[in-house]
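This report refers to the structure that appears directly beneath it.
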Protein chains: 2
Amino acid sequence: MSHPHAYGALDYKCANVIRTLTLDAVQAANSGHPGMPMGMADVAYVLYARFMRFDPQQPHWFNRDRLIISAGHGSMLPYSILHLTGYDLSLDELKRFRQWGSKTPGHPENHITPGIEVTTGPLGQGCGNSVGMALAEAWLAARYNREGYPLIDHYTYVICSDGDLQEGISHEAASLAGHLGLGKLIWLYDDNNISIDGPTSLSYSDDVPKRFEAYGWHVQTVDGHDMPAIESAIRAAQTVTDKPSLICCKTIIGRGMPNRQGTSKAHSDAPGPDEVRAAKIALGADPDQFFEIPPDALAVWRNIGARAAQARVAWDDLMARFEQVDPTRAAELAQCIQGKLPPGWESALPVFSTADKPVATRAASGVVINAIIDKIPALLGGSADLTPSNNTMPKDAESLARGAYGGRYIRFGVREHGMGAAMNGMALHGGVIPYGGTFLVFSDYMRPSIRLAALSGAHVIYVFTHDSIGVGEDGPTHQPVEHLAALRAIPGLTVIRPADANETALAWKAALEHDGPVALILTRQALPILPPNEGALRGAYVVRTVADPAVILLASGSEVSLALDAAKALADKGIAARVVSMPSWELFDRQSDDYKQSVLPFDAPKVVIEAAVQQGWHRYAGPVARFVTNERFGASAPYREVFKHYGFTTERIVAEVETLLREAS
Amino acid sequence: MSHPHAYGALDYKCANVIRTLTLDAVQAANSGHPGMPMGMADVAYVLYARFMRFDPQQPHWFNRDRLIISAGHGSMLPYSILHLTGYDLSLDELKRFRQWGSKTPGHPENHITPGIEVTTGPLGQGCGNSVGMALAEAWLAARYNREGYPLIDHYTYVICSDGDLQEGISHEAASLAGHLGLGKLIWLYDDNNISIDGPTSLSYSDDVPKRFEAYGWHVQTVDGHDMPAIESAIRAAQTVTDKPSLICCKTIIGRGMPNRQGTSKAHSDAPGPDEVRAAKIALGADPDQFFEIPPDALAVWRNIGARAAQARVAWDDLMARFEQVDPTRAAELAQCIQGKLPPGWESALPVFSTADKPVATRAASGVVINAIIDKIPALLGGSADLTPSNNTMPKDAESLARGAYGGRYIRFGVREHGMGAAMNGMALHGGVIPYGGTFLVFSDYMRPSIRLAALSGAHVIYVFTHDSIGVGEDGPTHQPVEHLAALRAIPGLTVIRPADANETALAWKAALEHDGPVALILTRQALPILPPNEGALRGAYVVRTVADPAVILLASGSEVSLALDAAKALADKGIAARVVSMPSWELFDRQSDDYKQSVLPFDAPKVVIEAAVQQGWHRYAGPVARFVTNERFGASAPYREVFKHYGFTTERIVAEVETLLREAS
């Protein structure tokens with residue numbers, strides 16, 4: 001182990017700039033969280049001064065080291081550093097901390113601020129993201145690196161807090177990372193014994209090092225204000241290549257605020273002008289200056305940025321040489337990095353014959369995955385221990401495992417939340433389009449991560465199977481009822497519930513071509529195969545055309561076939577029923593008004609049929625409508641029984657149509 | 001330590017009855033999970049034969065030991081035992097496993113089957129519930145037990161699986177239990193190295209004993225098929241009174257199925273008639289008999305039930321004697337056990353004066369809690385480390401802590417999911433009405449537990465503050481947008497978003513008097529105080545009455561005051577606007593059609609105003625409506641700025657009304 005560098009007054013002065021910028025920004029906004037940035041300033045300084053490779057001018061340089069601020073409330077730490085190292089984040093933006101339209105929102109948002117890797121704030125998410133980032137790095141390295149060409153070779157660092165480690169998602173993330181032995185993942189734990197309620201001893205007495213050793217992590221504890229010790233610890237963490245590393249940085253929260261440091265008062269809230277003044281004096285700064293950056297400290301920070309960028313220059317050269325020796329692989333990698341699909345990939349999508357026997361959409365999804373996996377190099381998925389049920393595993397795929405990181409299938413374990421957060425990390429790392437499977441009912445377990453996928457625009461694909469009371473015997477704990485509504489409520493999430501195998505193939509097409517999160521909602525039970533119809537890509541389309549329809553049966557997923565049966569029964573009674581399949585509200589919302597009106601004339605009488613809560617369907621049903629939906633939890637029984645008892649029958653639909661037409665006439 | 005009992009062939013035969021009943025039931029249903037019941041049969045037998053205190057004739061006897069089947073897929077284990085020990089669960093019900101209307105649904109449901117304590121299946125929930133049960137036991141014991149009167153004195157046992165322990169909620173639950181030192185909590189971990197995907201080594205390599213030691217637990221490992229060893233371990237766990245105990249029971253999944261045991265094939269799915277036959281032969285049972293219970297084994301089991309019930313008889317006597325020595329406390333405890341509120345409690349509810357300055361509904365909620373906490377002995381709450389923000393802590397309350405279990409406030413830590421599951425456990429334990437606080441946006445973290453509260457009818461009260469983009473500076477990660485819709489979508493959950501301090505007091509009244517979960521949705525920002533109006537208890541009511549209204553402004557929560565301002569602005573333009581406050585869809589849905597029509601005439605033009613997604617409002621808005629709602633994520637800025645930019649202004653409302661009336665005319 002090499003000795004750490006010598007650290008002098010200027011180094012601590014550089015760290016203190018983070019502290020004074022934080023104080024001024026939080027005080028100017030009269031809100032924010034000074035505790036973490038001031039507590040972790042020394043650690044962050046060492047990390048940047050000695051380790052981080054990045055290019056402030058090219059924040060998306062692919063092989064950069066990633067730093068995730070899981071303790072996102074401490075956003076003034078990255079904002080300060082991004083400004084100091086020369087990213088496109090002006091001092092004016094720091095002065096506009098938490099103001100309308102600024103690049104410095106209350107919590108870090110990757111789509112707003114250059115250099116911010118992921119959107120954090122909800123605790124534990126960044127920890128989960130980091131596992132996905134390290135996993136993506138390991139996978140891409142295994143696939144693309146060659147002797148002499150370490151194209152993908154970077155660290156993933158995390159700054160996390162007591163709150164992060166109390167959250168359950170931290171368990172799932174750390175357990176998975178330890179299992180996989182992700183050696184280039186390093187968490188810097190801001191171990192300060194303080195949370196919002198007061199000392200963590202009020203609620204928390206985990207032996208954190210022991211806990212992480214139990215996960216198979218390499219664990220160290222250092223004084224988080226001792227720069228040589230911090231450097232040595234990070235270096236030691238890097239030398240352990242077969243285990244992720246936790247460095248417990250013993251810090252004083254809000255260090256530098258003479259009256260608040262070390263207390264929960266330092267965690268949130270503006271310190272007030274007096275404490276700002278006292279802190280600046282204690283930190284050796286001019287108490288009459290605001291947002292001051294001493295020139296000598298700025299020079300050090302800017303030099304850090306410039307030196308870090310040399311790695312980017314070297315990497316460009318490496319890539320250029322690799323393009324010479326293996327242009328095919330280089331082009332493939334470049335395509336993955338750019339997030340592009342290979343031209344013509346969609347010709348691999350299967351088309352199912354209506355002559356084939358009924359097939360569950362989850363099974364059709366499995367067929368699709370097998371058909372496209374070799375065509376789309378970036379596609380990498382798994383399941384939260386429901387592989388045989390989710391049909392997510394490509395045939396003959398190897399599992400991605402410790403020391404075998406090139407495997408094409410991820411065993412996420414019974415860790416839905418960890419999976420969701422890791423998928424976000426994989427997508428935002430880039431080079432990978434992740435998909436992940438679980439039962440729709442367990443989308444609740446990963447909901448905070450789904451929300452962040454939507455907020456941060458992460459291109460992830462959820463394979464949610466077992467999508468209704470059609471689950472049958474497993475009963476109400478496993479039968480989603482409200483989940484379609486709950487997912488459709490999330491802004492920016494596209495939800496697609498295909499009606500058959502052919503719509504499933506198109507749903508995958510939409511999911512792959514969309515630039516954001518998509519949830520595929522798939523059945524457990526087999527469904528008849530309908531003629532392929534690209535209308536599914538438009539969110540809703542007519543599957544049964546009749547001249548002069550008296551009623552429109554509007555259905556999604558497994559209820560489309562039921563609606564078609566009901567339409568036939570209605571025809572026998574002389575009632576002409578159009579049937580509209582509506583796999584996706586969000587895709588339909590993007591269509592022209594003309595198209596919408598042509599498929600679903602607003603005033604036309606409609607019966608909506610979906611084995612889920614009614615909530616939200618009124619918007620598409622219009623003013624003359626009845627609903628074959630379900631406002632209560634499911635029940636344990638063979639699924640045909642459950643459907644019958646819950647009124648998902650042709651008889652019920654026919655009766656509702658008759659009532660509707662009677663009332664409307 | 002006493003030596004364990006001697007175990008002979010009849011004991012193992014008794015355990016094998018669980019196995020053969022499981023085989024027959026799963027095979028008859030052609031679905032289910034034989035692996036856990038067959039793997040844990042020996043452990044369960046010892047637990048019942050030597051330890052469990054319960055009364056099959058009085059399944060709700062208050063001081064019974066609780067057994068929670070967190071690995072709920074193994075439901076044939078409790079169903080078998082409940083039948084065998086003499087609960088009201090006939091053999092016919094076992095034969096109707098997983099059939100429509102049976103008392104033996106796929107996963108255990110407390111409201112369906114006598115003797116089932118909680119509804120489980122979604123993994124990890126039972127672990128979380130158990131912490132709430134043990135906490136309720138400790139709290140009630142601290143409050144009501146007296147020297148010589150151990151009125152509340154029981155164990156809480158859990159059977160949990162690898163899947164339970166992989167879930168993040170198990171971390172939150174175990175960490176909290178270890179912190180609190182809940183000595184009467186004992187988890188029996190079915191440590192069988194198998195999950196659905198295959199061997200757990202695919203995804204899982206935690207050192208579980210070390211992990212739990214890090215939480216401060218007492219940990220043992222035993223052969224789960226060695227009855228004396230199991231007994232010794234449970235006894236040792238009981239002797240450790242200051243730590244929860246984990247017993248890692250090394251078992252063979254599906255033990256008894258010669259060809260499937262020890263493999264993932266044993267986990268789920270019917271084994272098929274051949275394997276059932278082979279298993280029965282291996283287990284010494286008659287392969288031609290189905291649902292057979294040998295008389296000698298039945299006699300043992302029934303005797304276990306009869307002997308266990310003696311504890312109930314003794315407890316009745318103890319309670320009768322306690323009623324003599326302290327009739328007041330005895331009556332109070334009885335009231336808590338019955339889940340009744342003290343007569344006249346509601347007179348303690350505060351009434352706020354319209355002359356007072358504006359107050360945030362979260363602050364009003366804090367006032368209510370302080371006003372009623374001494375009137376309602378069963379009320380016990382806390383927060384997931386947001387106490388100062390949620391206003392959940394009664395003034396001068398002591399924290400419930402290790403060795404100080406009588407404290408009136410729970411520091412749940414940054415563990416929303418663990419809090420949600422613990423609340424369910426507290427409520428279903430009985431004697432306690434739990435409330436718990438976090439930010440509304442973090443309701444996502446505990447959503448699986450909220451769903452189970454609704455499904456199982458647990459009387460819990462969520463205090464969800466910071467309820468909209470009104471959160472302001474913290475930005476979109478902390479601003480709920482879709483959460484109202486997502487919560488309203490859950491069947492059986494009552495959501496109440498009061499408009500001011502007085503509605504907040506009534507919301508608490510509704511929450512306390514309701515027999516099921518209630519979510520209170522409260523503002524961060526201050527709101528003007530409206531005249532008290534009991535109409536809030538009916539879900540919606542007229543807050544501004546005008547003769548012959550041209551339009552109805554329909555709003556909830558913080559937008560009601562905005563609607564009132566807009567109504568005044570409209571009056572200046574000669575437009576008469578009724579304003580309806582609608583704090584709760586669910587309360588309104590329970591009203592008569594006449595009442596509904598009187599408040600919200602279906603065809604009347606309406607503008608709906610809520611700082612959240614529109615989803616679901618159409619149902620109350622009727623056919624002539626416009627919406628001042630918000631379909632995108634929020635933004636970081638002072639909240640008045642955010643409201644302005646998102647169109648929550650009187651000007652926007654006035655404009656929408658004018659457009660609506662123009663279009664409708």
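In what follows, chains are A, B, ... by sequence order, proteins preceding strands, each numbered from 1.
- When heavy atoms are compared at a cutoff of 4.5 Å, Ile410(B) does not approach chain A at all.
- Contacts between Arg451(B) and chain A at a heavy-atom distance below 4.5 Å involve backbone atoms as well as side-chain atoms.
- In this structure, the side chains of Ser203(A) and Arg415(B) come closer than 4.5 Å at one or more pairs of heavy atoms.
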Sequence neighbours left out, cut at 3.5 Å: what donor-acceptor pairs do the side chains of residues 630-637 of chain A make with other protein atoms?
unit_1: Asn630(A); atom_1: OD1; unit_2: Arg632(A); atom_2: N; d: 3.1
unit_1: Asn630(A); atom_1: ND2; unit_2: Arg632(A); atom_2: O; d: 3.0
unit_1: Glu631(A); atom_1: OE2; unit_2: Gln614(A); atom_2: N; d: 2.9
unit_1: Glu631(A); atom_1: OE2; unit_2: Thr629(A); atom_2: OG1; d: 3.3
unit_1: Ser636(A); atom_1: OG; unit_2: Glu473(A); atom_2: O; d: 2.6
unit_1: Ser636(A); atom_1: OG; unit_2: Gly106(B); atom_2: N; d: 2.8

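- Aromatic pair His417(B)/His417(A): centroids not less than 6.0 angstrom apart.
- Heavy atoms of Ala401(B) lying under 4.5 Å from chain A are absent altogether.
- At a 4.5 Å heavy-atom cutoff, the contact between Ser201(B) and chain A is made by backbone atoms alone.
- Residue Ala612(B): no heavy atom, backbone or side chain, is found under 4.5 Å from chain A.
- The pair Arg411(B)-Asp385(B) does not meet the salt-bridge criterion, since no charged nitrogen lies less than 4.0 angstrom from a carboxylate oxygen.
- Contacts between His33(B) and chain A at a heavy-atom distance below 4.5 Å involve the side chain alone, from C-beta outward.
- Both the backbone and the side chain of Arg488(B) have a heavy atom closer than 4.5 Å to some heavy atom of chain A.
- Taking Phe627(A) as the reference, His618(A) meet the ring-ring contact (aromatic ring centres under 6.0 Å, His included) condition, with sequence neighbours excluded.
- Looking at Val441(A), only its side chain comes within 4.5 Å of chain B, counting heavy atoms on both sides.
- When heavy atoms are compared at a cutoff of 4.5 Å, Tyr445(B) approaches chain A by way of both its backbone and its side chain.
- Heavy-atom distances place both the backbone and the side chain of His107(B) under 4.5 Å from chain A.
- Using a 4.5 Å cut-off between heavy atoms, Pro108(A) makes no contact with chain B at all.
- Using a 4.5 Å cut-off between heavy atoms, Val624(B) does not touch chain A at all.
- Contact detail for Val26(B) and Asp269(B): the closest heavy-atom pair is CG1-O, 4.0 Å.
- Only the side chain of Trp585(B) comes within contact range of chain A, judged by heavy atoms closer than 4.5 Å.
- Under 3.5 Å, the side chains of Gln125(B) and Ser449(B) contain a donor-acceptor pair of N or O atoms.
- For Ser195(A), the parts sitting under 4.5 Å from any heavy atom of chain B are the backbone and the side chain alike.
- Neither the backbone nor the side chain of Ser264(B) comes within contact range of chain A, judged by heavy atoms closer than 4.5 Å.
- Looking at Val481(B), both its backbone and its side chain come within 4.5 Å of chain A, counting heavy atoms on both sides.
- Both the backbone and the side chain of Ser175(B) come within contact range of chain A, judged by heavy atoms closer than 4.5 Å.
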